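Each remark here refers to the structure printed beneath this line.
Given the structure is predicted, the values throughout are model-derived calculations rather than measurements.
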Amino acid sequence: MTEWTLPETFAGSNGSVRWNRLGEPGRPPLVLLHGTPFSSYVWRAVARSLARDHQVFVWDMPGYGMSQMSAGQDVSLAAQGRVFTELLAHWGLTEPVVVAHDFGGAVALRAHLLHGAAYRALALVDPVALAPWGSPFFRLVREHAEVFERLPPALHGALVREYVGSASSPGLHPTVLERLVRPWLGERGQAAFYRQIAQADQRHTDEIQDRYPAIGVPTLVCWGEDDAWIPVAKGRELAAAVPGARWEPVPGAGHLVQEDAPAELTAALLAFLRRLA
């Protein structure tokens, strides 16, 4: 598989952020946000397709993927929303199209609703946006993060592989699964994995949930119909809460729509983008 790299570095308020830009300068800007426990790698196929007509920005959030992971690091939704706002300013983007998945959806929403980040349009893909959220496994780990941090490395690796794999409905290719799990292995990665779960707090979406009716930009809500992490009913609820939002279910896809149905997701995004022209 073609290697995915993030050669650029931004010194953010919560650690260094690795990022990359695809597509020709001067094309309409579009930013992709990943979720948890993933990285920008999940966007590789979609990003390369969208880069034919857009300048596409991809990044790994602090505490994820290739970006900085460090003890005591703030990787909460509140911190990520601030970092994303900083990144937009660093890139000089005033009104990009923003496409955000899972945890990244909450980051994009917080940046827009709390920090004044302006978007030309917003596409949300199975986002963390409405209470309650967090699977039983996620809640168990969050409540006992200090215990899980001490798991033997082999047992930790097996747990992460099982957890990440459950985000896909048809199942992930072994190479893809290993690429997604890799950042969470080793002493640094294991600590970072449980750190991000321990800091995941529903209050950070509770703070903005009542503001969704105030979203005034064109909005698309995509959802994998077989999402086992966040029920598809939450997607319909979110689409109904945002004025004029377009609802786009994706058959046969689980939570990781980018991996399960990249062609279908790309087609939905392109159709949405054409309506903006």
Go through it in stages, so that I can follow the logic: the residues are Leu122 and Leu109, the test is side-chain contact (heavy atoms from CB on, under 4.5 Å), and I'd like the CA-CA distance, side-chain angles, deciding distance and then a yes or no. CA-CA 9 Å; Leu122 176 62; Leu109 287 165; 3.9 Å; yes

Verdict with supporting geometry, Trp59 and Ser40, side-chain contact (heavy atoms from CB on, under 4.5 Å): CA-CA 6 Å; Trp59 61 297; Ser40 62; over 6 Å; no

I would like to know whether Asp126 and Asp102 meet side-chain contact (heavy atoms from CB on, under 4.5 Å); could you show each step before the answer? CA-CA 5 Å; Asp126 297 61; Asp102 181 74; 5.8 Å; no

Let me see the working for Trp91 and Trp19 under ring-ring contact (aromatic ring centres under 6.0 Å, His included), right down to the final yes or no. CA-CA 11 Å; Trp91 290 331; Trp19 64 276; 5.5 Å; yes

Give the intermediate values and the outcome of side-chain contact (heavy atoms from CB on, under 4.5 Å) for residues Val58 and Leu33. CA-CA 7 Å; Val58 292; Leu33 286 80; over 6 Å; no

Verdict with supporting geometry, Arg44 and Glu259, salt bridge (charged side-chain N to carboxylate O under 4.0 Å, His left out): CA-CA 9 Å; Arg44 65 199 180 284; Glu259 298 292 345; 2.7 Å; yes

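The closest side-chain heavy-atom distance from Phe84 to Arg110 is not below 4.5 Å. No side-chain heavy atom of Val97 sits less than 4.5 Å from a side-chain heavy atom of Val31. Between Gln80 and Pro62, the closest side-chain pair of non-hydrogen atoms falls below 4.5 Å.
Partner of Tyr194 under the side-chain hydrogen bond (donor to acceptor under 3.5 Å, both in side chains) criterion, out of Arg150, His156, His144: His156 alone. Only one option out of Trp223, Phe103, Tyr163 pairs with Trp229 in a ring pair (Phe, Tyr, Trp, His ring centres under 6.0 Å); it is Tyr163.
When only modelled atom types and interatomic distance are considered, Ser169 and Asp260 share no side-chain donor-acceptor pair under 3.5 Å. The closest side-chain donor-acceptor pair between Gln196 and Tyr64 falls under 3.5 angstrom. Side-chain polar atoms of Thr205 and Trp133 form a donor-acceptor pair below 3.5 angstrom.
Relative to the six-membered ring of Phe57, Arg21 misses at least one condition, a distance below 6.0 Å or an angle of at most 45° to the axis. Both tests do not hold together for Arg275 against Phe272: distance to the six-membered ring centre under 6.0 Å, angle to the ring axis within 45°.
For CD of Glu8, the number of neighbouring non-hydrogen atoms (other residues, nucleotides, ligands) closer than 6.0 Å is greater than 12. Within a 6.0 Å sphere centred on CZ of Arg139, heavy atoms belonging to other residues, nucleotides or ligands number more than 12.
Taking both residues in full, the closest heavy atoms of Glu248 and Leu220 are given as CB-CD1, 3.9 Å, listed atom of the first, atom of the second, then distance.
Salt bridge present: Arg82 and Asp74 bring a charged side-chain N and a carboxylate O closer than 4.0 Å. Salt bridge status for Glu24 with Arg52: absent, with no side-chain N to carboxylate O gap under 4.0 Å. Remark: Glu178 engages Arg161 in a salt bridge, criterion side-chain N to carboxylate O under 4.0 Å.
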